[in-house]
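Quick notes on the structure that follows.
Numbers here simply count residues along the sequence, with the first being 1.
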Amino acid sequence: FRDGRRAEAHQLAEAMLQASPRAFDPWREYVHADDRFWPRLIGRLRQIAPGVLISLRDMSTLEQTEALRSGRIDAGFVRSPVSKEFEGTPVIRDRLALVSSRDSRLPENATLKDYAQEPFILISNERAPTFRRHAIALCAKFGFHPRIIQDTSEVTTSLALVRAGLGVTLIPQSFGTSHITGVRLHELDDPAASWAVSAAWRRDDTNPVLKRFLELLRQEISGEALR
């Protein structure tokens with residue numbers, strides 16, 4: 001911040017910015033965000049506002065919408081379209097991915113339809129209703145309703161249960177599985193597996209750190225589109 005804006009930023013007790021993981025999409029509509037996108041964005045913000053606390057939280061679209069409405073966070077990354085009560089801008093695309101145990105009897109190149117008879121583990125409707133509806137709708141497109149044997153509140157819990165051999169799960173591909181052993185990630189190429197992610201913020205928010213964050217975000221999006 002220049003011309004006194006840095007001092008203004010330092011007076012802020014906290015700038016709470018909700019961020020989603022990086023996303024990969026072979027038929028991306030907005031931007032291809034690689035492994036460095038989100039760390040680079042937050043890193044640049046920390047450089048220009050070192051005295052501001054930036055808090056990152058793992059929240060569903062529903063949770064972020066409620067937190068924005070109550071003022072508990074300043075910005076979120078939510079499923080598009082953004083509610084009309086907020087400002088928004090498209091950022092990335094994410095997509096559903098199927099995860100099975102490495103001990104699964106089905107081959108590595110198995111499709112979602114091949115898993116129609118398998119037990120499913122899904123994020124609960126209370127935690128992420130839009131994600132769950134999307135997962136069930138995608139299964140329906142492949143001609144079956146998933147036999148859900150366990151609801152969870154965290155993706156990591158779903159993956160742990162898959163690794164233990166209890167069933168399969170659908171997760172955001174951006175979450176990845178490289179940090180978890182004993183599971184396989186199956187990419188789903190169907191266009192219906194994809195969804196747009198947008199940044200969202202309150203229309204009347206005058207937080208100067210938020211304003212600078214959005215400027216940096218737009219710069220990163222433009223830079224990624226040119227890469």
Identify all side-chain donor-acceptor contacts of residues 118-126 below 3.5 Å with residues at least two apart in sequence or on another chain.
unit_1 : atom_1 : unit_2 : atom_2 : d
Glu118 : OE2    : Arg105 : NH2    : 2.7
Ser124 : OG     : Arg127 : N      : 3.2

Listing, residues 134-144 side-chain donor-acceptor contacts under 3.5 Å, not counting sequence neighbours, or none:
unit_1 : atom_1 : unit_2 : atom_2 : d
His134 : ND1    : Arg79  : NH1    : 3.2
His134 : ND1    : Arg79  : NH2    : 3.2
His134 : NE2    : Ala192 : O      : 2.7
Lys141 : NZ     : Asp190 : OD1    : 2.7
Lys141 : NZ     : Asp190 : OD2    : 3.2

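Qualifying side-chain hydrogen bond (donor to acceptor under 3.5 Å, both in side chains) partners for Ser101, counting only residues two or more places apart in sequence or in other chains: none. Glu66 meets the side-chain hydrogen bond (donor to acceptor under 3.5 Å, both in side chains) test with no other residue; sequence neighbours excluded. Contacts of Glu87 classified as side-chain hydrogen bond (donor to acceptor under 3.5 Å, both in side chains), with partners at least two apart in sequence or in another chain: Arg203. A search for side-chain hydrogen bond (donor to acceptor under 3.5 Å, both in side chains) contacts involving Arg202 returns Asp74, Asp205, not counting sequence neighbours. Looking at residues two or more places apart in sequence or on another chain, you find a salt bridge (Lys or Arg N to Asp or Glu O under 4.0 Å) between Arg44 and Glu220. Shown here are the salt bridge (Lys or Arg N to Asp or Glu O under 4.0 Å) partners of Asp114, two or more places apart in sequence or in another chain: there are none. Partners of Arg147 according to the salt bridge (Lys or Arg N to Asp or Glu O under 4.0 Å) rule, which considers only residues two or more places apart in sequence or in another chain, do not exist here. Shown here are the ring-ring contact (aromatic ring centres under 6.0 Å, His included) partners of Tyr115, two or more places apart in sequence or in another chain: His186. The side chain to side chain contact (heavy atoms under 4.5 Å, CB included) search around Ala67 returns Met59, Arg72, Ile73, not counting sequence neighbours.
Among residues at least two apart or in separate chains, there is no ring-ring contact (aromatic ring centres under 6.0 Å, His included) pair with a member in residues 40-67.
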